Colleague: 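Let me give you the structure first, and then I'll get to my questions.
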2 protein chains.
Amino acid sequence: MARDAEWIIRVISERGMRITEQRRKLAELFAGSPTFLSPKEIYRMMDGSHPGLSFDTVYRNLKVLLTLGVIQPYYIGEEVKYGIGPALPEHRHPFICLECSRKIELPFCPVEAIELPASFRMIRHRFEVYGYCQDCSGKEDAALC
Amino acid sequence: MARDAEWIIRVISERGMRITEQRRKLAELFAGSPTFLSPKEIYRMMDGSHPGLSFDTVYRNLKVLLTLGVIQPYYIGEEVKYGIGPALPEHRHPFICLECSRKIELPFCPVEAIELPASFRMIRHRFEVYGYCQDCSGKEDAALC
DNA sequence: TGCGTAATCGTAATATTTACGAATTGATGA
DNA sequence: TCATCAATTCGTAAATATTACGATTACGCA
């Protein structure tokens, strides 16, 4: 299932929502952009093909795409930007209890927010957190890091 | 060097800036809070002891503390919050090139933004990113993840 | 092609952050 | 201790970002 503009359009349509010119353009923007996009950037990029575009339309449709799981927010610097789908295939990172070895899946991946210089290419990563789980809290500290 | 209110006050003073009642209160807030604080939360917590407090004062002093390296911003959910110093002793995580094994230090630590349930305690973590560096980009993709 | 309603526009309201002159107050030296 | 002066704060407003809403438009369906 390629994550292109048509995929986005199909997702919107399958959920019973209408395909407007604005949403089609938005899908093309997200599918074609190599960078994450802020609402203001999206507004500027859409205003060319849709003069008189309302900010309401941009924000409303961003929420639609978020709800549908088509895009995700990334908090870069001090602003919120949006990008198509998860950056990598779905996966989880573990929280590992030093006492009971219980493994709990963390609900996020730090790589989603990473910005490397353009010339670098990220292929894979490893992220593990160690500590004491709910049941084992209260044990003595281990050496930090 | 304990990271308490007096430490913050000392840092401000050593840089030749004045110790005002507002800054003293701000230092106590950051030193005493178990959570990160948003500007609005800070304003509300300070307004009790300083009626008529100006937002300008809050934002200006947040910038002062940021510049001094006393606090750091964390982007939690959709808002910016601030917390005292780095969460852990200073350390770096590596970007490792799959081609030339070059190790580049990443300028951030994902743990800074982690929010675990209150009953969990994080002791240490591991974060490594693998890919192709500036010089080795253009090689074929490896299997993702 | 015509209908019903979801979506958009245009505008304004709300929230957040920054800016600035007048007044205040902390730090310094006599 | 007191006077001085500039850094800091206050009070208010401007700038920016986000959300809200009635009137209008246009998409999807029969």
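For clarity, every value in this text was computed on a predicted model and none was experimentally measured. Order of the sequence lines fixes the chain letters, A, B, ..., with proteins taken first and strands second; residue numbering starts at 1 for each chain.
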Colleague: According to a strict under-4.0 Å criterion, is Lys40(B) in side-chain N/O contact with OP1 or OP2 of dA15(C)?
Modeller: no
Colleague: Is there a side-chain contact between Thr57(B) and Arg60(B), using heavy atoms and a 4.5 Å cut-off?
Modeller: yes
Colleague: Output yes when a side-chain donor or acceptor of Asn61(B) lies under 3.5 Å from a complementary backbone atom of Val64(B), and no otherwise.
Modeller: no
Colleague: Is the distance between the ring centroids of Tyr82(B) and Phe30(B) under 6.0 Å?
Modeller: no
Colleague: Could you give the distance from CG (Leu53(A)) to CD1 (Ile42(A)), rounded to the nearest 0.5 Å?
Modeller: 10.5 Å
Colleague: How many whole angstroms separate atom NZ of Lys25(B) from atom C1' of dT9(D)?
Modeller: 17 Å
Colleague: Heavy atoms, side chains only, cut-off 4.5 Å: are Phe127(B) and Cys109(B) in contact?
Modeller: no
Colleague: Rounded to the Å, how far apart are Leu26(B) CG and dT9(D) C1'?
Modeller: 14 Å
Colleague: How close or far is atom C1' of dA17(D) from atom CG of Leu62(A), stated in whole angstroms?
Modeller: 13 Å
Colleague: Here's a test of your reading of the structure: between Lys63(B) and Arg24(B), which maps to the more 5' nucleotide of DNA chain C?
Modeller: Lys63(B)
Colleague: Sugar-phosphate means primed atoms, P, OP1 and OP2; the rest is base. With that split, encode nucleotides 3-9 of chain C 5' to 3' as B, S or - using protein heavy atoms under 4.0 Å.
Modeller: -BBBSBB
Colleague: Within this structure, what is the CZ-to-P distance between Arg15(B) and dA27(C), rounded to whole angstrom?
Modeller: 17 Å
Colleague: Tyr59(A) side chain N/O closer than 4.0 Å to the phosphate oxygens (OP1, OP2) of dT18(D)?
Modeller: yes
Colleague: Can you tell if the side chain of Arg24(B) reaches within under 4.5 Å of the side chain of Glu28(B), non-hydrogen atoms only?
Modeller: yes
